[in-house]
Novice: 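Below you will find the structure I want to go over with you.
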Amino acid sequence: FRNSGLMNLSSLKFLKLNRIDFVEVRTINNKNILDLSRVEIVELKKLLQKYQIKVSAISSPLFKWYPRDPQINDAKSSFGFPEYLDTNSKIHYIKNAFDIAKSLKTKSMRIFSLLMDGNTQERSDFWELEPKTFELAINLSSEYKIKLLVENGFSTNFRKWSQIINWDNLYSKSGLDPLFDFANARYIGEQLNISEIHSISPFVGHLHVKDYQESSQKIVPFGAGDIDWSSILTQISNGATQKVMLSLEFDGNYGKKIISGKSGWKVIASIRK
């Protein structure tokens, strides 16, 4: 389960009630996970232990920033995290992210592939745009034994369907693992070819599961959109070579009735290897 909004006592009780043992953490009480103090991390750890909830991944905002030192004072942010940072701040956040992941005993951390400014084309070798910080992150990934999962974001360098299906050729030597989000690809107008899913299934270890509704052109909860998830999950299940963590993700303000409704929980549970 992906905590897309705030996590508090109510959230943990909800997870326990619905027998969800893993959570992917992004924000805590409207504060980005990377901005939590050591005291707040200790308190979070205690709460997770109390409710016997494990952290499947740190849903960090690392590299969801522009690949340069800012020349302007721009306060634009995404989920409470700045998109313009100088190199020293980026290094601080990268180191802090690994310390938090270690403290919460998770083996995976979501990252992105650098934001584009709207005037550039996607770069598949995005790590070359900011080699110093990517080298640090990859080295720490090896040292801490924590996988870096790069997600295809809306306005990042890794985002297109052509990049997703060519993962092995484009990224196998990057030191990164994929976190595929098919709804994100549909949201930017990319068409999903179900017949191609099997070719990427050996590389899938972590998958965000939400939906896209063609009529409204919006991201919606799993089961409420037009993505053929039954075929996708069957293809991945048949070709998977490792355990696959499926994170139910809710982007938006959804009530408990929607989240805990009959939108495919049994399907998710049966596909997970």
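These numbers come from a predicted model, not from an experiment.
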Novice: From D177 CG over to L148 CG, what is the distance, rounded to the nearest 0.5 angstrom?
Specialist: 8.0 Å
Novice: If we ignore angles and hydrogens, is there a donor and acceptor under 3.5 Å between the side chains of Q52 and D21?
Specialist: no
Novice: Look at the side chain of N157 and the backbone N and O of L114, then say whether any donor-acceptor pair between them is shorter than 3.5 Å.
Specialist: yes
Novice: Does S59 use its side chain to pair, donor to acceptor, with the backbone of R26 at less than 3.5 Å?
Specialist: no
Novice: Are R110 and H206 close enough that some pair of their side-chain heavy atoms sits under 4.5 Å apart?
Specialist: no
Novice: About how many Å separate CH2 of W161 and CD of Q191, when rounded to the nearest 0.5 Å?
Specialist: 10.5 Å
Novice: Counting distance only, does the side-chain N/O of D181 pair as donor-acceptor with the main-chain N or O of H208 below 3.5 Å?
Specialist: no
Novice: Do you reckon V23 sits in the same ILVMFWY cluster as V42, going by side-chain contacts under 4.5 Å, direct or chained?
Specialist: no
Novice: Before giving the answer on side chain to side chain contact (heavy atoms under 4.5 Å, CB included), spell out for Q213 and D226 the whole-Å C-alpha distance, their side-chain angles and the decisive distance to 0.1 Å.
Specialist: CA-CA 5 Å; Q213 190 175 69; D226 306 307; 4.3 Å; yes
Novice: Checking S199 side chain against E196 main chain: does a donor-acceptor pair fall under 3.5 Å?
Specialist: yes
Novice: For residues 129-151, which residue pairs qualify under ring-ring contact (aromatic ring centres under 6.0 Å, His included), counting only residues two or more places apart or in two chains?
Specialist: F63-F134, F98-Y144, F126-F134
Novice: Between the main-chain N or O of F22 and the side-chain N or O of S56, is there a donor-acceptor pair closer than 3.5 Å?
Specialist: no
Novice: Which distance, rounded to the nearest 0.5 Å, do you find between the CE of M109 and the NZ of K107?
Specialist: 12.0 Å
Novice: Between L36 and E40, which heavy-atom pair has the shortest distance, and what is it?
Specialist: CA-OE1, 3.3 Å
Novice: Does any part of the side chain of W127, heavy atoms only, come nearer than 4.5 Å to the side chain of E135, both counted from C-beta?
Specialist: no
Novice: Step through the shown structure and confirm whether more than 12 heavy atoms of other residues, nucleotides or ligands are within 6.0 Å of OH on Y187.
Specialist: no
Novice: Report the residues that fulfil salt bridge (charged side-chain N to carboxylate O under 4.0 Å, His left out) with D125, sequence neighbours left out, ordered by chain and then residue number.
Specialist: R123
Novice: Taking all heavy atoms of P61 and all of L34, pick out the closest pair and write down the distance.
Specialist: CD-CD1, 3.6 Å
Novice: List the atom of S174, the atom of I138, and the distance in Å for their closest heavy-atom pair.
Specialist: O-CD1, 3.2 Å
Novice: I need the minimum non-hydrogen distance between G223 and D211, along with the two atoms involved.
Specialist: N-OD2, 3.1 Å
Novice: Quick one: are N152 and I164 in side-chain contact, heavy atoms under 4.5 Å?
Specialist: yes
Novice: With rounding to the nearest 0.5 angstrom, report the CD1 to CD1 distance, I165 to I197.
Specialist: 9.0 Å
Novice: Would the distance check show the side chain of E249 and the main-chain N or O of K210 forming a donor-acceptor pair, the cut-off being under 3.5 Å?
Specialist: no
Novice: Who passes salt bridge (charged side-chain N to carboxylate O under 4.0 Å, His left out) against E122, sequence neighbours left out?
Specialist: R159, K160
Novice: With rounding to the nearest 0.5 Å, note down the distance linking CD in E190 to CZ in R186.
Specialist: 9.0 Å
Novice: For L207 and F180, which heavy atoms make the closest approach, and how far apart are they?
Specialist: CD1-O, 3.1 Å
Novice: Are I111 and F203 linked, directly or through other ILVMFWY residues, by side chains that come within less than 4.5 angstrom of each other?
Specialist: yes
Novice: Please assess Y51 against K13 for the test side chain to side chain contact (heavy atoms under 4.5 Å, CB included), listing each intermediate value before the final yes or no.
Specialist: CA-CA 8 Å; Y51 286 90; K13 288 180 178 178; 3.5 Å; yes
Novice: Side chains of Q163 and S124, heavy atoms from C-beta outward: is any pair under 4.5 Å?
Specialist: yes
Novice: Side chain of N18, backbone of I20: donor and acceptor closer than 3.5 Å?
Specialist: no
Novice: Would you please say whether a donor-acceptor pair under 3.5 Å links the side chains of S247 and E24?
Specialist: yes
Novice: If you measure only the distance, is there a donor-acceptor pair under 3.5 Å linking the side chains of N139 and S142?
Specialist: no
Novice: Any chance you could lay out the side chain to side chain contact (heavy atoms under 4.5 Å, CB included) test for V209 and F182, step after step, and finish with the verdict?
Specialist: CA-CA 8 Å; V209 179; F182 298 137; over 6 Å; no
Novice: The test is side chain to side chain contact (heavy atoms under 4.5 Å, CB included); show your working for I146 and T106 and say whether it passes.
Specialist: CA-CA 7 Å; I146 293 173; T106 183; 5.5 Å; no
Novice: Tell me every residue that passes ring-ring contact (aromatic ring centres under 6.0 Å, His included) with Y93, counting only those two or more places apart in sequence or in another chain.
Specialist: F81
Novice: When you compare the side chain of I232 with that of I227, does any pair of heavy atoms fall below 4.5 Å?
Specialist: yes
Novice: Determine the minimum heavy-atom distance between L44 and I33, stating which atoms define it.
Specialist: CD2-CD1, 4.1 Å
Novice: Does CD in E128 sit with more than 12 non-hydrogen atoms of other residues, nucleotides or ligands closer than 6.0 Å?
Specialist: yes
Novice: If only atom types and distance count, is the side chain of S172 paired as donor or acceptor with the main-chain N or O of N169 below 3.5 Å?
Specialist: no
Novice: State, yes or no, whether a side-chain contact exists between N238 and T234 at a heavy-atom distance under 4.5 Å.
Specialist: yes
Novice: Any donor-acceptor pair under 3.5 Å linking the side chain of N193 with the backbone of S195?
Specialist: yes
Novice: Using modelled atom types and a 3.5 Å cut-off, is there a donor and acceptor pairing between side-chain atoms of S103 and backbone atoms of I100?
Specialist: no
Novice: Using a 4.5 Å cut-off between side-chain heavy atoms of Ile, Leu, Val, Met, Phe, Trp and Tyr, which other residues end up in the same hydrophobic cluster as L179?
Specialist: L149
Novice: With heavy-atom distances below 4.5 Å as the criterion, would you say the side chains of K95 and L140 are in contact?
Specialist: yes
Novice: Check whether L129 and M116 end up in the same hydrophobic cluster, where Ile, Leu, Val, Met, Phe, Trp and Tyr are linked by side-chain heavy atoms less than 4.5 Å apart.
Specialist: no
Novice: Starting at NZ of K90, measure out to CG of L136 and round the result to the nearest 0.5 Å.
Specialist: 12.5 Å
Novice: Quick one: does V150's side chain get under 4.5 Å of W167's, heavy atoms only?
Specialist: yes
Novice: Please check if the number of heavy atoms outside K54 that lie under 6.0 Å from its NZ is greater than 12.
Specialist: no
Novice: In terms of the angle between their ring planes, are F222 and W229 parallel, tilted or perpendicular, with boundaries placed at 30° and 60°?
Specialist: perpendicular
Novice: Under the rule for ring-ring contact (aromatic ring centres under 6.0 Å, His included), what residues qualify as partners of F112, not counting sequence neighbours?
Specialist: none
